[in-house]
Student: 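The following block contains the structure, expressed as structure tokens.
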2 protein chains.
Amino acid sequence: MSSLTQLIESYINELFEEERTEDSVFLRRKDLAESFGCVPSQINYVLRSRFTPERGYLVESQRGGHGYIRILKICSSTPQDRVNHIESIVGDSLNDQEARRLLSVLQERGLVSSRERLVIEVALRFCDEVGSSVFDISPYKRNVLQAELLKRMLRGLALS
Amino acid sequence: MSSLTQLIESYINELFEEERTEDSVFLRRKDLAESFGCVPSQINYVLRSRFTPERGYLVESQRGGHGYIRILKICSSTPQDRVNHIESIVGDSLNDQEARRLLSVLQERGLVSSRERLVIEVALRFCDEVGSSVFDISPYKRNVLQAELLKRMLRGLALS
DNA sequence: ATTTGTTTGGTCAGTATTCGTCAAGAAGGA
DNA sequence: TCCTTCTTGACGAATACTGACCAAACAAAT
């Protein structure tokens, strides 16, 4: 039922939990792939899709002799850091799907509660609906509006 | 004379009742469609029309291998009463001042948190701003829009 | 110091699988 | 009848996974 990607993701998360002193973990791609019985590039897929800046991670690596992969968990300490982080991941334009996925990630990270997420989704839907059916503005401009609204709402939360 | 949509809606509601530990259920669109003998996109219609944020639900999904649909119920208790109450308080038109006073009351009564109130105020302000500066609609129509948006956001929360 | 080989990780494209969207038509209700 | 809601199917898009090939770091031999 659970996908290979999820299994590997969970394994890496466990590594983070064991790691009490640092907020980074080191991997060897080849070994990890071997122990999960898959090709090495599967590890890259997991990293690319699960340990992204959007989800609060950075990845470093080095090839060759004593090569490694290092995953760092980034935690913004000040409210302003959080705002900047939000701004950077929301960007200037955002369609429905992207907005929803982002909110899901933010809830997962505990940055917004489920009720807050609900209110935000209602507001975004309303914005989109009014924009399209009442004012008939272009899909692109709707996405720009959505991004702006989303950023403002999240900015408020990040500072509160 | 129950429609297919209603049958599927009921089935999903049953899943929620069985689910004692979590307030979310996982589906496979293809399987569900198959067991109801309909096309997969029928499931999307049910979700789009029945499990909306305005009704207190959030839907997440993932395509591709090991894809799924997850429905989260943000509201677990029943009271439609509160919704009706909200509707009557908000009414059909609402200026800034009235909206803020209302939110203040709701926060005092513990019906919305300070963070939720913040998000709501940001959304209302944005709505108003866009309405006036971008589309230049009349103050009265802006108030109608505001009231509508506020009702939708509160309706979702009121169910929780 | 340069070359060559070994040991790592990265990238890309292809395939299978699963969900979403859209538009058109059907069915149902006022 | 007219309008809303429902239902369908064709098409598009995202995700998971693999394997072939590329690139970088290091080490040993010349």
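Below, read A as the first sequence line, B as the second, and so on, with proteins coming before strands; counting in each chain starts at 1.
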Student: Of all the choices, C:dT18, C:dT8, D:dC17, which nucleotide is nearest to the side chain of B:Arg28 once you look at every atom?
Tutor: C:dT18
Student: Using only modelled atom types and a 3.5 angstrom limit, is any donor from either the side chain of A:Arg29 or the base of C:dG10 paired with an acceptor on the other?
Tutor: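 Result: at least one qualifying N/O pair found.
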Student: Cut-off 3.5 Å, side chains only: do A:Asn95 and A:Arg142 have a donor facing an acceptor?
Tutor: no
Student: Return the residues of residues 49-66 of chain A meeting this criterion: a heavy atom under 4.0 Å from some atom of DNA chain D. Order them by number, or give none.
Tutor: A:Arg50, A:Gln62, A:Arg63, A:Gly64, A:Gly65
Student: Would you say D:dT7 has OP1 or OP2 under 4.0 Å from some side-chain N or O of B:Tyr45?
Tutor: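 The answer is no; no side-chain N or O of B:Tyr45 sits under 4.0 Å from OP1 or OP2.
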Student: Given C:dG9, C:dC19, D:dG19, identify the nucleotide with an atom nearest to the side chain of A:Ile69.
Tutor: C:dG9
Student: Are the charged groups of A:Glu34 and A:Lys30 less than 4.0 angstrom apart, N to O?
Tutor: no
Student: Ignoring hydrogens and angles, tell me if any N or O in the side chain of A:Thr78 forms a donor-acceptor pair with the backbone of A:Asp81 under 3.5 Å.
Tutor: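 Between the backbone of A:Asp81 and the side chain of A:Thr78 there is a qualifying donor-acceptor contact (under 3.5 Å).
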Student: Kindly state each residue pair satisfying salt bridge (Lys or Arg N to Asp or Glu O under 4.0 Å) with at least one member in residues 14-26 of chain A, sequence neighbours excluded.
Tutor: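 Every pair satisfying salt bridge (Lys or Arg N to Asp or Glu O under 4.0 Å) with a residue in residues 14-26 of chain A: A:Glu22-A:Arg70.
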Student: Over the length of the helix from C:dA1-D:dT30 to C:dA30-D:dT1, how much do the five-pair end axes diverge, rounded to 10 degrees?
Tutor: 20°
Student: Restricting to side-chain contact (heavy atoms from CB on, under 4.5 Å), what partner residues turn up for A:Ser114, sequence neighbours left out?
Tutor: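 Only A:Gln107, B:Ile74 meet the side-chain contact (heavy atoms from CB on, under 4.5 Å) criterion with A:Ser114.
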Student: So for B:Ser41 and C:dG20, does any side-chain atom that can act as donor or acceptor lie under 3.5 Å from a complementary atom in the base?
Tutor: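 Such a pair does not exist between side chain and base.
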Student: Which is more 5' along DNA chain C, the nucleotide nearest B:Gly67 or the one nearest A:Asp96? Just name the residue.
Tutor: B:Gly67
Student: Below 6.0 angstrom between ring centroids: does that apply to A:Phe16 and A:Tyr11?
Tutor: no
Student: How would you list, by chain and number, every residue that makes a salt bridge (Lys or Arg N to Asp or Glu O under 4.0 Å) with A:Glu98, sequence neighbours excluded?
Tutor: none
Student: With a 3.5 Å cut-off and no angle check, do the side chains of A:Ser93 and A:Gln146 form a donor-acceptor pair?
Tutor: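 Not at all, the side chains of A:Ser93 and A:Gln146 share no donor-acceptor pair under 3.5 Å.
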Student: Would A:Ser160 and B:Arg115 count as having a side-chain donor-acceptor pair, cut-off 3.5 Å?
Tutor: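 Judged by distance alone, the side chains do pair up.
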Student: For DNA chain D, determine which residues of residues 32-39 of chain A have any heavy atom closer than 4.0 angstrom to one of its atoms, and list them numerically.
Tutor: A:Cys38, A:Val39
Student: More than 12 heavy atoms of other residues, nucleotides or ligands under 6.0 Å from CZ of A:Phe26: is that the case?
Tutor: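 Atom CZ in A:Phe26 is packed in, count exceeds 12.
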Student: Does B:Leu4 reach a base, just sugar-phosphate, or nothing at all? Heavy atoms under 4.0 Å.
Tutor: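 Sugar-phosphate contact only - B:Leu4 comes under 4.0 Å of backbone atoms but never of a base.
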Student: Between A:Thr5 and D:dC17, does any side-chain N or O lie under 4.0 Å from OP1 or OP2?
Tutor: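 True: A:Thr5 side-chain N/O within range (under 4.0 Å) of D:dC17 OP1/OP2.
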Student: Looking at A:Glu108, I want to see if its CD is surrounded by more than 12 non-hydrogen atoms of other residues, nucleotides or ligands under 6.0 Å.
Tutor: no
